[in-house]
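A quick write-up on the structure given underneath.
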Amino acid sequence: MKQLFAFIRKEFAHVLRDKKTLLILLGMPIAQILIFGFALSNEVKNARLIIWDQSQNAESRQLIHKIGNSKNFELVKYFHSEAELENVFKSNQAKIALIIGPGFDALAAPDRKQSMQIIADASDPNIAQTLNLYLRANIGQFQQENSPQLKPHFQITTEMRMLYNPQLKSAHNFVPGVMALIMMLVCVMMTAISIVREKESGTMEILLVSPLQPFMIVIAKTIPYLIISLVNITSILLLSVFLMDLPILGNIVLLYAECTLFIIACLSIGILISIKTESQQSAMLISLMGMMLPTLLFSGFMFPIENMPIPLQYISDVVPSKWFYIIVKSIMIKGLGFADIWKETCILFGTACFFILVSLKQFKIRLQ
Amino acid sequence: MRRLRFLLEKEFRQIFRNKIILAMIVVIPTIQLIILPLAANYEVSNIQLAIVNHDHSQATTQFIQKILSSGYFKLKASSDSYDKMFHLLSKDQIDLILEIPNDFDKHLQRGEAQKLLIAVHAINGVKANLGASYLNEIIKDYSSQINLEFLEKNGGRSPQVLQISTSFWYNPLMKYKYFMVPGILAILVTMVGSYMSALNIVKEKEAGTIEQINVSSIRKYQFILGKLIPFWILGIMVFSIGLLVSRIIYGIVPQGNLPTLYLFIAIYLVAVLGLGLLISTFCDTQQQAMFIAFFFVMIFILLGGLFTPIDSMPEWAQFIAYANPVTYLIEVMRMVVLKGSGFADLKRHFLIVGAYAIGFNVLAVLNYRKTIN
């Protein structure tokens with residue numbers, strides 16, 4: 001035990017000595033949470049709109065005024081021909097176009113047919129669809145407001161209840177997601193090169209001939225990173241509560257316990273990479289090239305997992321950050337207790353055990 | 001010139017010697033390009049809906065049928081109790097709950113207004129928003145349909161018809177993949193370029209071999225060029241493989257002019273490699289270089305407009321987004337591949353990325369010191 005502590009002390013000295021790296025390790029997650037917590041949003045705002053007003057009357061101008069004032073649209077310019085429209089779309093100056101047919105008049109005689117055309121740049125199909133729906137809703141509303149005779153005798157109205165996130169803040173989704181993403185990548189990257197570096201610089205042999213059990217060496221190497229990660233979690237949580245107004249409705253002790261479990265799972269993946277690779281460069285390429293985009297996509301905070309083909313859903317099951325994302329959401333935002341997340345916890349626990357066992361098996365005491 | 005040739009020979013040997021790394025920078029991006037667009041799917045077509053129905057009339061059944069036949073919703077559960085459905089929602093199994101009140105149809109037949117409750121699982125904004133607005137559209141439609149029937153029964157005039165038609169250009173089938181594949185390819189090319197170059201000089205620093213180069217008569221710019229050219233060639237290679245893969249697997253044929261696209265990629269790669277080299281000159285260890293490269297690439301990916309629209313970011317974030325070279329590549333890829341935009345539409349993009357290419361590399365050369373402190 002005493003030997004182990006000595007080793008842990010040595011590793012701490014390694015980490016603390018390199019001030020520049022330490023600063024990066026502790027500062028980077030904060031910067032990332034700050035940037036992404038505020039910047040990422042799926043709301044469609046200020047979409048650039050262009051209009052071809054073929055009516056040119058008071059009514060159409062009123063409609064244009066109304067649309068231009070809504071927060072969803074920003075009227076950039078008027079156009080007067082199809083060719084012009086094509087040019088505008090091709091140079092990305094607008095996302096959606098509205099053509100108001102001749103003789104637009106909300107108060108017109110009921111039997112007169114009127115037409116409008118919406119043309120959307122559907123290279124992003126979702127935005128196009130959303131904008132289309134918004135624009136239609138705006139026009140419909142305008143019609144009703146301006147022609148009392150159109151008011152229906154009665155209406156089916158809807159009451160919307162936005163559960164868990166009444167103000168529809170994007171941070172509620174993105175902060176837990178980005179937290180899972182960053183913590184996973186940082187933990188894996190930190191440990192992935194820790195053992196390889198000793199192999200590369202030749203100091204591994206010295207460690208191996210020491211009286212300590214080989215696997216204890218590995219444990220000692222990860223302890224400082226575990227602590228750094230917990231510090232990171234703390235600063236991320238502080239930022240999200242005090243700066244981003246995210247609630248922590250559930251039990252904070254439970255939250256920390258789950259975070260620790262998640263960190264251990266990620267660190268053990270890093271250890272395995274570290275044991276299997278021969279150079280720092282390949283360890284890094286595996287953890288960056290190989291893991292960044294998959295972790296981002298399979299965590300499920302950007303794209304719903306149930307939309308993926310079934311084989312990919314199975315792949316997402318082995319990505320720890322997916323489960324951690326669910327756990328963090330459940331505890332922080334929904335205020336659920338352990339009874340509702342025991343399954344996810346078991347999976348994380350299983351992942352950690354699996355990687356630790358595989359690393360144990362793979363860890364070679366002798367050098368080739 | 002001869003010196004540069006020798007340097008290049010050395011760099012190429014180093015790259016080709018390590019088969020694992022070479023495989024990694026070619027194979028990993030290809031696999032990811034094949035798999036990831038399938039995962040990045042936001043076609044909102046199966047919103048999980050639960051219905052709490054207190055009115056069991058035939059008309060209500062038809063109403064529900066109308067909702068389901070829109071194709072956007074999947075009826076996951078229905079029951080008489082809101083609480084039961086809420087429990088399912090809290091476990092992420094349901095996105096929307098629609099509650100239909102008692103005697104819904106009876107009241108409608110009498111011409112009384114009715115209120116429906118839509119409860120939305122609102123943590124994920126897109127799904128919630130889009131799902132709820134689809135549902136609202138359908139309900140509005142149903143409402144005016146009932147209204148019409150009611151008016152006709154009572155001898156009223158039918159209201160005015162305003163026909164609104166929508167056409168979706170460039171992607172009429174609304175395939176999300178067409179949007180995602182060019183963007184993901186842009187990111188992969190960026191990752192290959194920036195990681196490889198960021199790690200490279202630092203590696204020589206850590207291994208100590210940089211001192212041998214420092215004491216040689218190699219000029220600074222020659223050294224940087226020697227590092228740049230091999231990775232530039234690799235980057236172009238990865239990009240070409242990517243285009244081929246997206247054509248074979250996803251059937252995406254660039255609408256625009258290929259030489260324009262290649263010219264842009266060529267300039268862009270110089271910029272990204274320059275950034276990597278610049279990071280490399282600042283760092284002492286590969287670990288530092290990796291973390292800084294990671295930091296930048298995260299910003300590149302998340303603030304480049306790949307997944308979330310730049311227009312909806314706050315202003316300061318838009319500023320970062322437009323200072324981000326990847327934003328321009330993603331835009332150009334989508335514009336040329338999907339819309340067939342030409343050089344004239346892309347002048348601004350060329351200018352900005354060109355400026356980056358010059359700026360980063362000049363800084364990298366200036367910041368590379370041949371002396372050790």
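What's counted below: heavy atoms across the whole structure, side chains too, no hydrogens, waters or symmetry copies. Numbered from 1 within each chain, the chains take letters A, B, ... in sequence-line order.
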Between B/Thr166 and A/Asn132, do the side chains contain a donor N or O and an acceptor N or O under 3.5 Å apart? yes

Given the ring of A/Phe89, does B/Arg334 sit roughly above its face, with NZ or CZ under 6.0 Å from the centre of the six-membered ring and within 45° of the axis? no

Residue pair A/Lys334 / B/Asp92, side-chain heavy-atom distance below 4.5 Å: yes

Determine the option with the most heavy-atom pairs under 4.5 angstrom with chain A, choosing from B/Glu137, B/Gln48, B/Met191. B/Met191

So B/Leu199 and A/Met284, do their side chains get closer than 4.5 Å, heavy atoms only? yes

Given that the side chain runs from C-beta out, which part of B/Ile301 has a heavy atom under 4.5 Å from chain A: side chain, backbone, both or neither? side chain

Less than 4.5 Å apart, side chain to side chain, heavy atoms only: is that true for A/Asn126 and B/Phe179? no

Output the option from A/Met302, A/Glu200, A/Lys329 having the highest count of non-hydrogen pairs under 4.5 Å with chain B. A/Met302

Heavy-atom side-chain contact between B/Met196 and A/Gln281 under 4.5 Å: yes

So, A/Arg197 versus B/Gln286: side-chain donor-acceptor pair below 3.5 Å or not? no

Could you grab the distance from atom CE of B/Met333 to atom OG of A/Ser123, nearest 0.5 Å is fine? 13.0 Å

Taking all non-hydrogen atoms of both residues, which atom of A/Ser91 and which atom of B/Asp345 are closest, and how far apart? CB-OD1, 3.7 Å

SG (B/Cys283) and CD1 (A/Ile24) are apart, to the nearest 0.5 Å, by 6.0 Å

Measure across A/Leu296 and B/Phe307 and return the closest heavy-atom pair with its distance rounded to 0.1 Å. CD2-CE1, 3.3 Å

To check you understand the geometry: which heavy-atom pair defines the closest contact between A/Pro309 and B/Leu38, and what is its length? CD-O, 3.5 Å

Check whether B/Phe295 gets within reach of chain A through its side chain, its backbone, both or neither, counting any heavy atom under 4.5 Å. both

Is there side-chain contact between A/Phe36 and B/Leu303, with heavy atoms separated by less than 4.5 Å? yes

Give the member of B/Ser312, B/Ala317, B/Ala344 that has the highest number of heavy-atom pairs under 4.5 Å with chain A. B/Ser312

For B/Phe282, is it the side chain, the backbone, both, or neither that has a heavy atom closer than 4.5 Å to a heavy atom of chain A? backbone

Among A/Gln129, A/Lys95, A/Gln93, which has the most heavy-atom pairs under 4.5 Å with chain B? A/Gln129

What is the distance from atom CD of B/Glu99 to atom CZ of A/Arg161, rounded to the nearest 0.5 Å? 7.5 Å

Main chain of A/Ala47, side chain of B/Asp311: is a donor-acceptor contact present, judged purely on distance under 3.5 Å? no

Determine, stepwise, if the pair B/Phe168 / A/Ile119 fulfils side chain to side chain contact (heavy atoms under 4.5 Å, CB included). CA-CA 6 Å; B/Phe168 294 105; A/Ile119 299 167; over 6 Å; no

For B/Ser90 and A/Leu336 the tightest heavy-atom approach is O-CD1, 4.0 Å

Top contributor to chain A contacts, counting heavy-atom pairs under 4.5 Å, from B/Arg348, B/Glu206, B/Lys91, B/His107: B/Glu206

Which portion of B/Val192 sits near chain A, non-hydrogen atoms under 4.5 angstrom: both

Report yes if the side chains of B/His121 and A/Leu163 come closer than 4.5 Å at any heavy-atom pair, otherwise no. no

Between the side chains of A/Gln117 and B/Ser165, is a donor N or O closer than 3.5 angstrom to an acceptor N or O? no

Considering only heavy atoms and a distance below 4.5 Å, find which of A/Leu285, A/Leu288, A/Ile341 pairs most often with chain B. A/Leu288

Leading residue by heavy atom contact count with chain B [cutoff under 4.5 Å; candidates A/Arg48, A/Met289, A/Met190]: A/Met289

Most contacts with chain B, counted as non-hydrogen pairs under 4.5 angstrom, among A/Met308, A/Met116, A/Met162: A/Met116

What part of A/Leu297 lies closer than 4.5 angstrom to a heavy atom of chain B: side chain, backbone, both or neither? side chain

Please flag which part of B/Lys115 lies under 4.5 Å from any non-hydrogen atom of chain A: side chain, backbone, both or neither. both

Minimum heavy-atom distance between B/Met298 and A/Met292, given as atom pair plus value: CG-CE, 3.4 Å

How close do A/Glu86 and B/Tyr170 get, heavy atom to heavy atom, and via which atoms? O-OH, 4.0 Å

Would you kindly say whether B/Asn136 and A/Thr158 are connected by a side-chain donor-acceptor distance under 3.5 Å? yes

Answer whether the closest heavy-atom distance between the side chains of A/Asp124 and B/Pro309 falls below 4.5 Å. no

Value rounded to 0.5 Å, distance of CD1 in B/Ile123 from OH in A/Tyr164: 7.0 Å

B/Lys140, B/Met290, B/Lys347, B/His349: which one forms the most heavy-atom pairs within less than 4.5 Å of chain A? B/Met290

Is it the backbone or the side chain of A/Leu181 that comes under 4.5 Å from a heavy atom of chain B, or both, or neither? side chain

Check whether any side-chain heavy atom of B/Trp169 lies under 4.5 Å from a side-chain heavy atom of A/Asp121, and answer yes or no. no

Taking A/Lys90 for its side chain and B/Met335 for its backbone only, find out whether a donor-acceptor pair lies under 3.5 Å. no

Given a strict heavy-atom distance threshold of 4.5 Å, which part of A/Ser170 is in contact with chain B: side chain, backbone, both, or neither? neither

Given B/Leu89, B/Val336, B/Ile97, B/Ile25, the one with more heavy-atom pairs under 4.5 angstrom with chain A than any other is B/Leu89

Find the distance between CG (A/Leu293) and CG (B/Leu188) and round it off to the nearest 0.5 Å. 6.0 Å

Determine the option with the most heavy-atom pairs under 4.5 angstrom with chain A, choosing from B/Ile299, B/Ile292, B/Thr285. B/Ile299

Atom OH of A/Tyr134 with >12 non-hydrogen neighbours under 6.0 angstrom: yes

Checking A/Leu25 against chain B: side chain, backbone, both or neither under 4.5 Å from a heavy atom? side chain

Which bit of B/Leu36 is near chain A, if near means a heavy-atom gap under 4.5 Å: side chain, backbone, both or neither? both

To the nearest 0.5 angstrom, please state how far the OG1 atom of A/Thr21 sits from the CD atom of B/Gln288. 3.5 Å

